[in-house]
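Notes follow once the structure below has been shown.
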Protein chains: 2
Amino acid sequence: MPNAHDVLFRTLADPTRRALFERLCREGEQTVGALTAQSGVSQPAVSKHLGVLRLAGLVRDRHEGRQTHYSAQLGALAPLIDWTSQMAGFWQSRFDDLEDLLKRMDQ
Amino acid sequence: MPNAHDVLFRTLADPTRRALFERLCREGEQTVGALTAQSGVSQPAVSKHLGVLRLAGLVRDRHEGRQTHYSAQLGALAPLIDWTSQMAGFWQSRFDDLEDLLKRMDQ
DNA sequence: GGGATCGATAACCTGATGGCTATGATTGAC
DNA sequence: GTCAATCATAGCCATCAGGTTATCGATCCC
């Protein structure tokens, strides 16, 4: 059972897919057609990528007639930010431990 | 030509590999043997993962006799942090644009 | 209704990747 | 020198992921 970090990292690991997400972040809501036009891959490929992004919670879709509009859900990046600061935190606390050790050695 | 973001995301996308990195962040420098013991995969698999992490700049290796000690290089996470805040920035500026628009409509 | 457009799904193919076992290269112990 | 230990590399295999074309469902236009 993959956790939230797994899903996020794996989803963002593909360049094409990440480019789609970046574009939605930069330019806001876009239709599948608009996204396809600039993606360099076929429309079904884009649809599949958007599906993966949606499952990861990174985008929302909104249906309007024949068109589907996708938009980025920035909040979904939270676990990624958490993970990063957690890693930094571990690092820091190990550094603190070292500092403590050195202090005690100093006495 | 994959950029820094590509390499980082793809490297951290694999759960086994990310677990190795997390462990090095938490517990500091470790030998390949120690890492293998807790990884659930074979020693060659661990070595391969460590090689990938090293190519991504996420770990350093230090040779000491027969043993190889690996340690996390937290600085390598910088592009990931940059990317995340860039996405947040795009989001924010689009929000600002919207605010501007609403303000101008208000006049 | 009939045809065109838009997007999702199906079916398939291929390359990349992560795992394994086997072995090689170095170093340490005796 | 010999054997054991540690890690890296080689070679192989199975799975998966991303791409394609073909097609379907739904909507719009006439």
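Naming convention: chains lettered A, B, ... in sequence-line order (proteins, then strands); numbering from 1 in each chain. All of these numbers come straight from a predicted model, not from anything done at the bench.
Contact between the side-chain N/O atoms of B:Ser42 and the OP1/OP2 oxygens of C:dG19 is not found at any separation under 4.0 Å.
For the pair A:His49 NE2 and C:dA8 P, the computed distance is 13 Å after rounding to whole Å. Atom CZ of A:Arg10 is separated from atom P of D:dT15 by 17 Å (rounded to the nearest Å). Taking atom CG of residue B:Asp14 and atom P of nucleotide D:dA17, one finds them 11 Å apart after rounding to whole Å. To the nearest angstrom, C1' of C:dG7 lies 16 Å from CD of A:Gln30. Between B:Leu50 atom CG and C:dT17 atom C1' there is a gap of 16 Å when expressed in whole angstrom units. One atom, NZ of B:Lys48, and another, C1' of C:dT21, lie 12 Å apart when rounded to the nearest Å. Put simply, CD on B:Glu64 is 11 Å from P on D:dC7, counting in whole angstrom units. B:Leu55 has its CG atom 16 Å from the C1' atom of C:dA16, to the nearest Å.
The 5' end of DNA chain D is approached more closely, in terms of each residue's nearest nucleotide, by B:Tyr70 than by the other of A:Val52 and B:Tyr70. Along DNA chain D, the nucleotide nearest to B:Ser47 and the one nearest to A:Arg17 differ in position, and the one closer to the 5' end is contacted by B:Ser47.
Here the nucleotide nearest the side chain of B:Pro44, chosen from C:dG7, D:dT21, D:dT9, is D:dT9.
No contact: B:His63 has no heavy atom under 4.0 Å from any strand. Backbone-only contact: B:Thr68 has heavy atoms under 4.0 Å from sugar-phosphate atoms and none from a base. Nucleic acid contact for B:Thr36: none, since no nucleic acid atom lies under 4.0 Å from a heavy atom of the residue.
Within the 3.5 Å criterion, the main-chain N or O of B:Thr36 finds a donor-acceptor partner in the side chain of B:Ser39. In this structure, A:Arg17 contributes its side chain and A:Arg10 its backbone to a donor-acceptor pair below 3.5 Å.
Not a single donor-acceptor pair, N or O on each side, falls under 3.5 Å between the base of D:dA5 and the side chain of B:Gln67. Residue side chain B:Arg66 reaches the base of D:dA5 through a donor-acceptor N/O pair under 3.5 Å, judged by distance alone.
Grouping the Ile, Leu, Val, Met, Phe, Trp and Tyr side chains by contacts below 4.5 angstrom, directly or via other members, places B:Leu24 with B:Val41.
Among the candidates A:Gln67, A:Gln43, A:His69, the single residue satisfying the side chain to side chain contact (heavy atoms under 4.5 Å, CB included) test with A:Val32 is A:Gln43.
Taking the six-membered ring where the residue is Trp, A:Trp83 and A:Phe9 present perpendicular rings, their angle passing 60° and hence far from 30°.
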